[in-house]
K.L.:
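Below you will find the structure I want to go over with you.
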Amino acid sequence: MAEAGIALIKIAVVLGFVLNLAALLTWAERKQSAVIQDRIGANRASVFGLRLFGLFHIAADALKMLTKEDHVPQTAEKFIHGAAPFISFFFALMGFAVIPFGDVLRVGGREIPLRILDLNIGILFIFAAIALEIYGSVLAGWSSGSHYATLGGMRGSVQMFSYEIAWGVSLLGIFMVYDSLDLNRVVLRQGDLLWGVLPKWGIVTQPLGFLLFLAAGMAITKRVPFDLPEGESEIIGYFVEYSGMKFGLFFLTDFVLTILISALLATLFFGGYQLPYLEPDGFRFPWGATWSLDHYTVVFLQFVALVLKIVFFCWLLLAVRWTYPRFRYDQLMDLGWKVLFPLAVANVILTGLVLTLIE
Amino acid sequence: MAEKVHCTIDGRTVEPRRGQTILQVADELGIYIPRYCYHPGLSIAGNCRICLVSVEKAPKPQIACYTQVQEGMTVWTHNEAAQKARRGVLEFLLVNHPLDCPVCDQAGECWLQDYYMQFGLYTSRLREDKIKKAKAKVLGPAVILDAERCILCTRCVRFCNEIAGTHELEVFQMGAHEELGTYPGVELKNPYSGCVVDICPVGALTDRDFRFKARVWYLSEQKSVCPGCATGCNIRVHFNQKRTHHALGKRVMRLKPRYNPHVNDWWMCDEGRYGYRWIDEGRLLVPQKRRDGTYVDLDWDQALSDVASGLRAVMDKHGPSSVAVLPSPQQTNEALYLVRRLFAEHLGVRHVDFWIPPATQGYHDDFLIKADKNPNSAGARLLGLFPRDGSPAAEEFLLNHGPLKALYVFRHDLLGRYGEEALRPLLGNLELLVYQGTNRNATSRRADYVLPSAAYMEEHGTFVNFKGRVQRLFQCLEPLAQSLPDWKILVRLAVLLGLELGHSGQEEIFLDMAREIPALDGLDYAALGDQGVESDFSGIPLWPKTVNRQRSNVSREQPAHLPRVTNDE
Amino acid sequence: MAYYNVSRPSEKLTWRERIYLPELFKGLRITTRHFVVNLALHAVRLLGIKTRRRGAVTFQYPEERRPLSPRLRTRHRLTKREDGMPRCVACMMCETVCPADCIYIVAGELPDPNVEKYPVRFDIDLGVCVFCGFCVEACPEDAIRMDTGILEIASDSREEMIYSIDRLLSG
Ligand code: SF4
Ligand code: SF4
Ligand code: SF4
Ligand code: SF4
Ligand code: FES
């Protein structure tokens, strides 16, 4: 019973965090792009004259989407058309189940692992979730009964399947180095120090893997420069026949995926919840200084560290979106198959060689 | 063969006939020399001087429209001297010309504009005030004059003198104050007055009917034949599909004569010219059926099956002699032919007559206008759509109360012609009155079924004029609303009455008809061309050539109550 | 046929550019610099400190308006004669030249023989107009101008976007 309660609390925490962050990202995207482009950005929504840098636009947008006409084309497969955004959204959220946001919390003699699902094949779970997420967009495209949408769905599925391969292979290096598929184990092992100073984060051991993962991850979130499935205003994508909150869900799914990729980047390459030199009982600096902290502070600090890392990557992904132009489709395929995939394979071979040499 | 002379025009050696003018020869060669006052249908005035050309050994440029070719003459139509001379003439013509193009109806088809763009293109050197003359002066029912725009070419004057023979117009005053006008107390009011607008090369004489209706560059053009009388003047229909708001949705904007040396030369009468309004006004739009004094709309399938079953019921009950069909000489041969196939031959209807004599004899003269105000009486005769074997003429079986139970009327306004009173016995007796026509009239308001048919501009087809000239109509417009060409209605009706005609276009019908009717032998639409073909049907038995398909009850003699058909008018 | 040699910078990418990664970082550096600098400027100005530069070039539109260039094409108007009649003589040059086919003119006759023609109806469907200004160029009477300075042309229905002669005459 208590187990279930704890699980529910954890789910609530993670969901609350992800959804709020996703909503915030809608605002952040508008504001960040504005600042990058020397503009001010959305700032009109106000409550009693209070504008709060346009933060109310989040609520205004949600309100708008909810009250908009939910238009379903006559030619659509009604049920699937309705279900598709939920499929997308659901599977995107599912990925967070295995992201560790701390090691264990000890309260009253009970050891609570700080992740929703303690799975020793965590990363495969995420792969599975994201692979299923693709169905959302493909089904949306097909069920809309519109050629544009169908083509968008096709483009989307081809893109995502292609990049998922490079994506997966780019991670193999990480698992070879840390010798586990369990994300928490990977994070814990990143706490080790290299030569006594450098935290053994993934970015250090797998710099190439990081870049590949980042690129492929962006392609999977279907955001600029990889937004061909959506191509909102020009080539028209799989959700062209959606309106209202169903469209809103697709929109949100993108941000949830952004957060998921950020969380994975943080977890796999930037030590997850690890803070450099923070041990379970406090800081221990390589030059010998120590600063002991109690268990709760450590867990809290670790959680904050993870959140900050995720937020940073979200920022980075948004910055990337507002920096590069979109690829052409052949360029996209070239990049996936002829650059990322071979490099990922090379990375695996290189890692293997180095590991063998070290041993 | 007239005597030939040898001369050179623009370096080309030609052998024109003696007496031809340089301009005529150049036209034959395809060399265009500008002209204002010259009109091939009028006498030569040679007063506008725009046609100046260089003639070698002549001291100064000569006017091409009046100078006759001489043996050994060498002419340059477009050398520098000629061009310069013409540019000078144009500048003179425009000295007092107002800058009216924005409000001038001629703009777009104005020869001043054309020539200015072709070889004028000078900057005005005029400093003085322009001379003012009469503007927007109404000359007659059809024509309005802007004397400032007139270039005094006297085409219009010559038209009234030579063609219309009515002498209304003259140029008055002298020098720069010369001004066109009518003689005091005279209106430009002759049956052909609209033609002066056609021949006026500039915007001085414009059409009151067309005034400000649309700009000419919005108009589309198609060839047709005037349905106003038996002459069948060749016309161009100008209609507006690009800016329908200009005349509140009316499509036909004006009619213009189309040159045909065998029929009307360059001319047409005012009655025909302005008799197009019914195309867009008072049309029947949907098939209708009368029920309890009001009309309800039907769709075509319903209407035709109702009519067919009505006809059938009457025929079954009272026999074919209780049915009468009145085809109209306003219909095309194609429609009339199907009337014949369906009613006279297939159903065996004996009361078929196209001729409803008009209440009064129509105006006619010895030029174009004929008393018979129908374009295709000859065609209907050719097709034998008149009483045969001693059966009574239409007027007789309508008024003398034959045992008619069903009456199928095409276009004729019987009630308008004979009045309600005279027809009361007939109407009381009728079980079915079908009206198939283009416009609402007193008869359509009494019919049990109203079938809207397309007007002549809305279908392809042929008319036969009083001389027996078979002329093509080209489709200008889509049939209005739900109306259908007569032939389509008849083909569909025939199917319902058990006759599979199988025609899918007017030309097919025409070919069938040409195969049967000796006067049309060997003709097809391509052979008719734009100007038609004179069919020689005097002396030939009108009907029939072959008997393979025909019933025997077709007459070979001319109906006595019709004007005699001749070829030599 | 005449032709021109257009000299373009070499389309060959350097080795560095082809690696792509450095260029990506270069781009990211630019956007990040803008982001950081502008954010800092915003923050400083929020605290009330005056800076020479602003963090954004934005005009806060309904409150702040940019001065319009006199040549800017804004909503049409029809000019008038001294007696208040439209200068337009319904010559339909503008209707003819209009690439969007959004001018509807119906001409009428005026008793004054020096004017003769005037527009009974003159509608511009601003919902369709592309603001090319051809109508102004084509007008021989200087009867139509696009100098009202009115940019806000919006309405709740298509019908309201059709400006009739009265609205166009009243400036
Ligand atoms: S007559 Fe010709 S040139 Fe003169 S105002 Fe009319 S259109 Fe213009
Ligand atoms: S009114 Fe026309 S046709 Fe008559 S003289 Fe003048 S320009 Fe010639
Ligand atoms: S601005 Fe251009 S599109 Fe608009 S009314 Fe004028 S001509 Fe037509
Ligand atoms: S071009 Fe000028 S004068 Fe002509 S219709 Fe248009 S606004 Fe009126
Ligand atoms: S055409 Fe020859 S003088 Fe007028």
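Within every chain, numbering begins at 1; the chains are lettered A, B, ... in the order of the sequence lines, protein sequences first and strands thereafter.
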K.L.:
Checking C/Leu24 against chain A: side chain, backbone, both or neither under 4.5 Å from a heavy atom?
P.N.:
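Both backbone and side chain.
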K.L.:
For the residue pair A/Phe269 and A/Phe210, categorise the inter-ring angle as parallel (less than 30°), tilted (30 to 60°) or perpendicular (more than 60°).
P.N.:
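Rings of A/Phe269 and A/Phe210: perpendicular, over 60°.
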K.L.:
Extract the chain C to chain A donor-acceptor pairs under 3.5 Å, no hydrogen or angle test applied.
P.N.:
unit_1, atom_1, unit_2, atom_2, d
C/Leu24, O, A/Tyr324, OH, 2.5
C/Thr31, OG1, A/Thr323, OG1, 2.8
C/His34, ND1, A/Asp38, OD1, 3.0
C/Asn38, ND2, A/Val35, O, 2.6
C/Asn38, ND2, A/Asp38, OD1, 2.6
C/Val57, N, A/Asp38, O, 2.8
C/Thr58, OG1, A/Ile40, N, 3.1
C/Gln60, OE1, A/Asn43, ND2, 3.4
C/Gln60, OE1, A/Arg44, NH2, 2.7
C/Glu63, OE1, A/Arg44, NH2, 3.1
C/Glu63, OE2, A/Arg44, NH1, 3.0

K.L.:
Determine the interplanar angle of the A/Phe251 and A/Phe255 rings, folded into 0 to 90°, and report it as parallel if under 30°, tilted if 30 to 60°, perpendicular if over 60°.
P.N.:
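Judged by the thresholds at 30° and 60°, the geometry between A/Phe251 and A/Phe255 is perpendicular.
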K.L.:
According to the salt bridge (charged side-chain N to carboxylate O under 4.0 Å, His left out) rule, which pairs have a member within residues 124-141 of chain C, sequence neighbours left out?
P.N.:
none
K.L.:
Does anything in residues 89-99 of chain C form a salt bridge (charged side-chain N to carboxylate O under 4.0 Å, His left out)? List the pairs, not counting sequence neighbours.
P.N.:
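For residues 89-99 of chain C: B/Arg243-C/Glu95.
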K.L.:
Are the aromatic ring centres of A/Phe270 and A/Phe312 under 6.0 angstrom apart?
P.N.:
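Ring centres of A/Phe312 and A/Phe270 not closer than 6.0 Å.
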K.L.:
For residues 155-171 of chain C, which residue pairs pass the salt bridge (charged side-chain N to carboxylate O under 4.0 Å, His left out) check, not counting sequence neighbours?
P.N.:
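Passing the test, one end in residues 155-171 of chain C: no pairs.
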